[in-house]
Amino acid sequence: MSVALSSLKVMVIDDSKTIRRTAETLLTKAGCEVVTATDGFDALAKIADTRPNIIFVDIMMPRLDGYQTCALIKNNVNFQKTPVIMLSNKDGLFDPAKGRIAGSDQHLTKPFSKDELLSAIRDHVKTD
């Protein structure tokens with residue numbers, strides 16, 4: 001079963017320009033429309049306008065971290081069903097558990113592969 005990615009809007013929130021650019025390149029090549037944000041505040045300002053189908057958010061960011069950002073997204077009635085995937089440099093048990101408490105749907109460890117990104121989208125976004 002193939003999932004059509006061409007109609008999807010994906011938001012990538014990360015304070016690392018390299019990570020944002022990498023994810024944007026991989027997802028754009030797969031046909032997604034990509035919106036990037038540099039931190040949680042930047043993302044929250046853009047979410048209402050762009051209404052992404054899925055959101056990837058880095059855990060470690062200045063000002064508003066990934067857990068806080070995820071919780072704010074999930075507490076908004078308009079976006080509580082939007083899948084949020086946490087991105088982390090650490091591959092421990094603590095981050096995924098804390099992410100689930102904040103409401104995240106999945107946890108990916110950086111550096112992530114194209115297949116991991118696309119698999120996360122296919123797992124969480126229902127497309128026609």
Side-chain angles (χ1 to χ4, degrees):
M1 184 189 90
S2 148
V3 175
L5 299 174
S6 57
S7 58
L8 293 184
K9 268 193 203 163
V10 181
M11 178 173 275
V12 178
I13 312 164
D14 201 307
D15 56 324
S16 160
K17 183 185 243 180
T18 306
I19 294 292
R20 284 195 314 272
R21 192 170 287 152
T22 300
E24 186 172 21
T25 302
L26 293 172
L27 293 167
T28 303
K29 280 185 181 161
C32 300
E33 181 183 331
V34 182
V35 179
T36 60
T38 54
D39 64 31
F41 287 113
D42 186 27
L44 294 172
K46 292 178 177 176
I47 286 173
D49 293 336
T50 58
R51 304 191 76 79
N53 299 98
I54 187 168
I55 299 168
F56 290 91
V57 59
D58 181 32
I59 290 174
M60 300 299 295
M61 296 184 295
R63 301 202 300 165
L64 202 60
D65 72 22
Y67 301 119
Q68 294 165 313
T69 303
C70 178
L72 286 167
I73 292 166
K74 292 295 188 173
N75 287 330
N76 182 315
V77 69
N78 296 316
F79 302 107
Q80 61 194 171
K81 289 187 171 44
T82 304
V84 176
I85 313 297
M86 304 298 268
L87 301 174
S88 167
N89 290 319
K90 299 194 290 289
D91 193 11
L93 292 172
F94 183 68
D95 284 344
K98 196 170 171 191
R100 276 193 295 280
I101 292 166
S104 80
D105 297 273
Q106 191 179 333
H107 181 272
L108 289 181
T109 303
K110 297 190 276 188
F112 44 76
S113 69
K114 173 184 164 191
D115 288 343
E116 287 174 314
L117 281 180
L118 298 180
S119 172
I121 292 171
R122 287 189 183 101
D123 289 347
H124 297 286
V125 180
K126 305 292 173 250
T127 58
D128 307 320

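As the structure is a prediction and not an experimental result, all values here were calculated from the model. Index from 1, following the sequence.
Under a 4.0 Å N-O distance rule, the pair R63/D15 does not qualify as a salt bridge. Checked for salt-bridge contact, K74 and D105 meet the test: a charged N lies under 4.0 Å from a carboxylate O.
V34 pairs in a side chain to side chain contact (heavy atoms under 4.5 Å, CB included) with only one of the listed residues (L8, T25, V12, L26), which is V12.
When all heavy atoms of T82 and P52 are compared, the closest pair comes out as CG2-O, 3.6 Å. Heavy atoms only, all atoms of each residue included: T69 and G40 are closest at OG1-CA, 3.3 Å. What you find for T36 and D42 is that their closest heavy atoms are O-OD2, 4.4 Å. Nearest approach of D65 to I59, heavy atoms of both residues: CB-O, 3.3 Å. The heavy-atom pair separating P83 from H124 by the smallest distance is CG-O, 3.4 Å. Residues C70 and A102 come closest through the heavy atom pair SG-O, 3.5 Å.
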Q) Can I73 and V57 be said to form a side-chain contact (heavy atoms from CB on, under 4.5 Å), step by step? A) CA-CA 11 Å; I73 292 166; V57 59; 5.9 Å; no

Q: Show the numbers, then the answer: is there a side-chain contact (heavy atoms from CB on, under 4.5 Å) between I19 and D58?
A: CA-CA 9 Å; I19 294 292; D58 181 32; over 6 Å; no

Q: Kindly indicate, with the supporting measurements, whether the criterion side-chain contact (heavy atoms from CB on, under 4.5 Å) is fulfilled by F56 and L108.
A: CA-CA 9 Å; F56 290 91; L108 289 181; 4.0 Å; yes

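In this structure, E24 and R20 have side chains that are not in contact, with every pair of non-hydrogen atoms separated by 4.5 Å or more. Side-chain contact check for D49 versus V35: every heavy-atom pair is 4.5 Å or farther apart.
Distance CD1/I54 to SG/C32: 9.0 Å, rounded to 0.5 Å. Annotation: the span from D39 atom CG to L64 atom CG amounts to 7.0 Å, rounded to 0.5 Å. Taking CZ of R100 as the reference point, atom OH of Y67 lies at 10.5 Å (rounded to 0.5 Å). Once rounded to the nearest 0.5 Å, the distance linking CG of N53 with CD of E33 reads 9.0 Å.
Hydrophobic clustering places M11 together with M86 (ILVMFWY residues linked when any side-chain heavy atoms are closer than 4.5 Å, directly or through intermediates). Clustering ILVMFWY residues whenever any of their side-chain heavy atoms sit less than 4.5 angstrom apart, transitively, puts L87 in the very cluster that holds V10. In the hydrophobic clustering of this structure, F112 groups with L5; members are Ile, Leu, Val, Met, Phe, Trp, Tyr whose side-chain heavy atoms approach within less than 4.5 Å, directly or through other members. Linking Ile, Leu, Val, Met, Phe, Trp and Tyr residues whenever their side-chain heavy atoms come within less than 4.5 Å places I85 and L118 in a single cluster. A single hydrophobic cluster is not seen to contain both I121 and F79; linkage of ILVMFWY side chains at heavy-atom distances under 4.5 Å, directly or through other members, places them apart.
For the pair K9 (side chain) and T50 (backbone), a donor-acceptor distance under 3.5 Å is present.
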